[in-house]
2 protein chains.
Amino acid sequence: MNPLFHALFQKSRYITNCLNEVLKQHNLYSSQWTILYCLHNHGPMTLTQIWKYLNVEAPSITRAITRLETLGWVLRIDGEDKREKIVTLSPYAEKHLPVITKTILAFEEEMIGALTVEEQQQFMILLEKMKG
Amino acid sequence: MNPLFHALFQKSRYITNCLNEVLKQHNLYSSQWTILYCLHNHGPMTLTQIWKYLNVEAPSITRAITRLETLGWVLRIDGEDKREKIVTLSPYAEKHLPVITKTILAFEEEMIGALTVEEQQQFMILLEKMKG
DNA sequence: AGTATTTGTTTAGCTAGGTAAATAAATACG
DNA sequence: CGTATTTATTTACCTAGCTAAACAAATACT
């Protein structure tokens with residue numbers, strides 16, 4: 001395996017593991033938090049909007065939303081178009097998200113802190129260049 | 001989610017998906033190929049050597065090796081220390097690996113080609129800086 | 001020598017992604 | 001209007017990582 005790929009995969013796994021560790025105190029997993037944060041910023045979204053935005057396949061989102069629903073974080077309501085389901089944050093989520101967001105921001109700052117803003121931009125540019 | 005993490009995870013998933021697409025013609029998955037390539041370079045290895053080198057947990061390797069064994073790519077033989085199993089490439093693997101390696105190198109070149117050698121080094125350095 | 005600890009591997013069960021195919025509602029077309 | 005196609009979601013099943021705990025062999029300790 002090309003060392004660049006190897007390093008990329010490693011770091012990706014490492015960061016998600018760290019993220020899960022931080023989220024443990026809130027009884028959440030990284031993929032769940034990603035969706036909650038997404039809904040928090042965009043307001044109610046259909047499943048399709050969510051998976052297109054997060055760039056994963058639909059079944060992953062269906063499963064995650066089902067779990068979040070049973071845990072009481074989101075509500076799934078029928079849209080005007082009867083095919084689609086609109087997902088919204090529950091009052092419980094609205095109440096608890098701010099403090100979670102805060103701990104996550106601290107984590108991200110700690111993780112990325114060693115990079116200057118220019119380095120962060122450079123990193124994004126280099127990522128883009130890898131045939132997207 | 002911090003856009004830098006988002007981009008990192010995205011690209012990581014994207015590349016493994018592409019890799020799997022390329023490997024489909026050889027009836028292999030990326031994780032399997034990673035192990036075969038590892039054995040090809042280092043010669044016979046114990047399970048522990050493999051998971052420490054690839055930096056994943058032991059059960060992932062156990063499962064992958066079991067699958068590779070039933071598919072005829074590797075052999076698992078008892079070591080002198082009766083606890084450990086030594087994994088070696090099968091003659092079938094020795095025969096077929098070169099051509100697979102060739103297609104993978106072409107894929108990696110295509111994927112990374114847009115980056116100069118300096119940019120690749122820079123990318124590695126930036127990855128390292130993210131709290132390892 | 002006999003017990004306690006460590007080490008290598010495996011098993012069980014979890015999240016998290018993927019594809020392929022089923023289903024139901026909406027839309028397009030002849 | 002009725003059928004064909006598209007679109008949104010779901011279901012079933014696959015790889016790929018993880019942790020926790022079981023187990024057996026080796027090593028350390030007294």
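As the structure is a prediction and not an experimental result, all values here were calculated from the model.
Nucleic acid contact for B:Thr46: sugar-phosphate only, since backbone atoms but no base atoms lie under 4.0 Å from a heavy atom of the residue.
Candidate nucleotides C:dG18, C:dT10, D:dG17 were compared by shortest atom distance to the side chain of B:Ser60, and D:dG17 ranks first. Nearest to the side-chain atoms of B:Pro59 among the listed nucleotides C:dA12, C:dT9, C:dA16 stands C:dA12. Closest to the A:Arg76 side chain, of the nucleotides D:dT9, D:dT10, C:dT10, is D:dT10. Each of C:dG17, C:dT9, C:dA26 was ranked by its minimum atom distance to the side chain of A:Lys82; first place goes to C:dA26. Closest contact between the side chain of A:Asp81 and the listed nucleotides C:dG18, C:dT10, C:dA26 involves C:dA26. Of the listed nucleotides (C:dT15, D:dT15, D:dT9), D:dT15 has the atom at the smallest distance from the side chain of B:Arg67.
Residue B:Lys24 places none of its side-chain N or O atoms closer than 4.0 Å to OP1 or OP2 of C:dT19. For B:Thr48, a side-chain nitrogen or oxygen approaches OP1 or OP2 of C:dT9 to under 4.0 Å. Put simply, B:Ser31 has a side-chain N or O that comes within less than 4.0 Å of OP1 or OP2 on D:dA16. The side chain of B:Ser30 places an N or O atom within less than 4.0 Å of a non-bridging phosphate oxygen (OP1 or OP2) of D:dA16.
Between the CD atom of B:Glu84 and the C1' atom of C:dT10 there is a distance of 15 Å, given to the nearest Å. One can place CD of B:Glu21 at 15 Å from C1' of C:dG17, the figure rounded to the nearest angstrom. B:Glu57 places its CD atom 17 Å from the P atom of C:dT11, with the value rounded to the nearest Å. Between A:Ile77 atom CD1 and D:dT9 atom P there is a gap of 12 Å when expressed in whole angstrom units. One interatomic measurement links the two molecules: CG of B:Asp78 to P of C:dT7, which rounds to 21 Å at whole-angstrom precision. In this structure, the CD1 atom of A:Ile50 is 15 Å from the P atom of C:dA16, given to the nearest Å. Rounded to whole Å, the distance from CH2 on B:Trp51 to C1' on D:dG17 is 14 Å. Distance, A:Tyr29 OH to D:dA16 P: 21 Å, rounded to whole Å.
Judged by distance alone, the side chain of B:Ser90 and the main-chain N or O of B:Gly72 form a donor-acceptor pair under 3.5 Å. Side-chain atoms of A:Glu108 come within 3.5 Å of backbone N or O of B:Asn2 as a donor-acceptor pair.
For the pair B:Glu94 and B:His40, the minimum side-chain heavy-atom distance is below 4.5 Å.
If B:Glu80 and A:Lys52 are placed on DNA chain D by their nearest nucleotide, the residue sitting closer to the 5' end is A:Lys52. Between A:Arg13 and A:Arg63, the residue whose closest nucleotide on DNA chain D is further toward the 5' end is A:Arg63.
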Run B:Leu28 and B:Trp73 through side-chain contact (heavy atoms from CB on, under 4.5 Å) and show every step you take.
CA-CA 10 Å; B:Leu28 281 173; B:Trp73 289 92; 3.8 Å; yes
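Between the base of C:dT7 and the side chain of B:Arg83 there is a donor-acceptor pair shorter than 3.5 Å.
Interatomic distance, B:Gln25 CD to B:Leu23 CG, rounded to the nearest 0.5 Å: 8.0 Å.
Ring-plane geometry between B:His96 and B:Tyr92 is classed as tilted, the angle between the planes lying from 30 to 60 degrees on a 0 to 90 degree scale.
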